[in-house]
Amino acid sequence: MTAYLKRAGHGYSAATIHKYMNTQMGLRSIVRPKKPGAKPGKPHKVFGNKLRQDFHADKPNQKWCTDFTYLFLKNGDVRYNCTIIDLHDRSVVAGITDRHITSELAIRTLQKALESQRPADGSLILHSDQGSQYTSKAFIEFCGSVHVSQSMSKAGYPYDNAPMERYFNTLKNECTNLYEFRTQEELYQTVEEFAYATYNHVRPHSYNGYRTPFEARCAA
């Protein structure tokens, strides 16, 4: 919020903004629903960590991160979002929400990203965790067919994929946790509008010197 106001020409400290939001506006944090349980699958193959927490990329489409997160409808039903971000500018290059957390959803999301960005063959690293969706035979074979090099976090170590964790925190704190979704169509549309419009084009990002991901990408 401090960055938004600064871009509009108002110079207030973060402490002042917090005071007004907390005491005068009465804003309070929202408690998230509990994470649904998941059974780990048997990996077909696990790849080493090519990034080693180096989350910098000199230009677009060199290093992408991906992961799944869970989202809730008003009745408690769970939907799963798979998103890919570009580490060059933290922009969302693809995201799909669906009913099931599968390797097929991971493949569709990567395919969507490749169709929109078209990186050069063999130039792209895709970093993920060791979830069964990314270690499955189907996903590994798809990555091989499109010349994408896989990289994976150490098991149980979310810091290895910190930019992805940060994006999902932003998605939930600034979007999905603020609403109750009666239908999956409402949820899907809201998540897509946040990713491609608000996050990429409107919301300033500290990594980009408080430019939006789109502004940073255009300057590359």
Side-chain angles (χ1 to χ4, degrees), residues 1-9 14 47 49-69 71 81-97 105-129 131 134 143 146-153 157-177 188-220:
M1 186 56 66
T2 305
Y4 276 116
L5 291 172
K6 186 176 181 180
R7 286 165 67 94
F47 293 83
N49 188 341
K50 293 182 174 68
L51 297 190
R52 299 182 181 275
Q53 296 189 20
D54 177 8
F55 301 127
H56 170 78
D58 294 327
K59 58 184 180 180
N61 302 326
Q62 286 183 325
K63 300 175 184 177
W64 290 354
C65 285
T66 184
D67 201 356
F68 287 90
T69 196
L71 304 169
N81 173 267
C82 182
T83 291
I84 299 173
I85 64 171
D86 191 327
L87 289 181
H88 171 69
D89 45 43
R90 302 309 197 256
S91 59
V92 175
V93 293
I96 300 177
T97 309
L105 177 54
I107 291 170
R108 284 165 50 208
T109 307
L110 177 54
Q111 194 167 32
K112 181 179 180 180
L114 293 171
E115 288 172 353
S116 68
Q117 301 301 314
R118 300 188 181 281
D121 284 355
S123 65
L124 175 63
I125 295 173
L126 179 68
H127 186 80
S128 70
D129 61 17
Y134 300 114
C143 286
V146 292
H147 311 288
V148 170
S149 298
Q150 285 186 257
S151 168
M152 291 183 176
S153 303
Y157 204 69
Y159 296 107
D160 283 348
N161 204 3
M164 203 67 244
E165 298 284 339
R166 177 173 178 177
Y167 170 72
F168 283 143
N169 280 335
T170 300
L171 170 66
K172 293 178 182 182
N173 291 337
E174 299 183 13
C175 182
T176 59
N177 285 354
Y188 293 0
Q189 181 177 349
T190 300
V191 170
E192 188 161 303
E193 287 177 354
F194 178 82
Y196 296 124
T198 303
Y199 187 84
N200 278 356
H201 290 268
V202 177
R203 185 186 184 279
H205 200 299
S206 59
Y207 179 80
N208 299 319
Y210 291 101
R211 294 177 297 173
T212 68
F214 178 74
E215 289 168 340
R217 204 169 187 82
C218 289

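One-based numbering along the sequence shown.
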By side chain to side chain donor-acceptor pair (under 3.5 Å) - contacts of H205 (at least two apart) = Y199
Sequence-distant partners of Y207, ring pair (Phe, Tyr, Trp, His ring centres under 6.0 Å), two or more places apart = none
With a 4.5 Å heavy-atom cut-off, do Q117 and P60 have their side chains touching?
-> no
By side-chain contact (heavy atoms from CB on, under 4.5 Å), which residues pair with S206, not counting sequence neighbours?
-> R166, Y210
What residues form a salt bridge (charged side-chain N to carboxylate O under 4.0 Å, His left out) with D160, not counting sequence neighbours?
-> none
Of all residues at least two apart in sequence or in a different chain, which pass the side-chain contact (heavy atoms from CB on, under 4.5 Å) check with A197?
-> none
With D67 via side chain to side chain donor-acceptor pair (under 3.5 Å) - residues at least two apart = none
By side chain to side chain donor-acceptor pair (under 3.5 Å), which residues pair with S151, not counting sequence neighbours?
-> H127
Is there a side-chain contact between F194 and E192 (heavy atoms, below 4.5 Å)?
-> no
Considering residues at least two apart in sequence or located in another chain, which fulfil the ring pair (Phe, Tyr, Trp, His ring centres under 6.0 Å) criterion with F68?
-> Y134
Who pairs with D58 by salt bridge (charged side-chain N to carboxylate O under 4.0 Å, His left out), at least two apart in sequence or on another chain?
-> none
Tightest non-hydrogen contact, residues T66 and C82, listed as OG1-SG, 3.8 Å
Y167 meets the side chain to side chain donor-acceptor pair (under 3.5 Å) criterion, sequence neighbours left out, with none
Quick one: list whatever passes ring pair (Phe, Tyr, Trp, His ring centres under 6.0 Å) with Y157, sequence neighbours left out.
-> Y159
NZ/NE/NH1/NH2 to OD/OE distance under 4.0 Å, D89 and R211 = no
Listed partners of I107 passing side-chain contact (heavy atoms from CB on, under 4.5 Å), at least two apart = A138, F139, F142
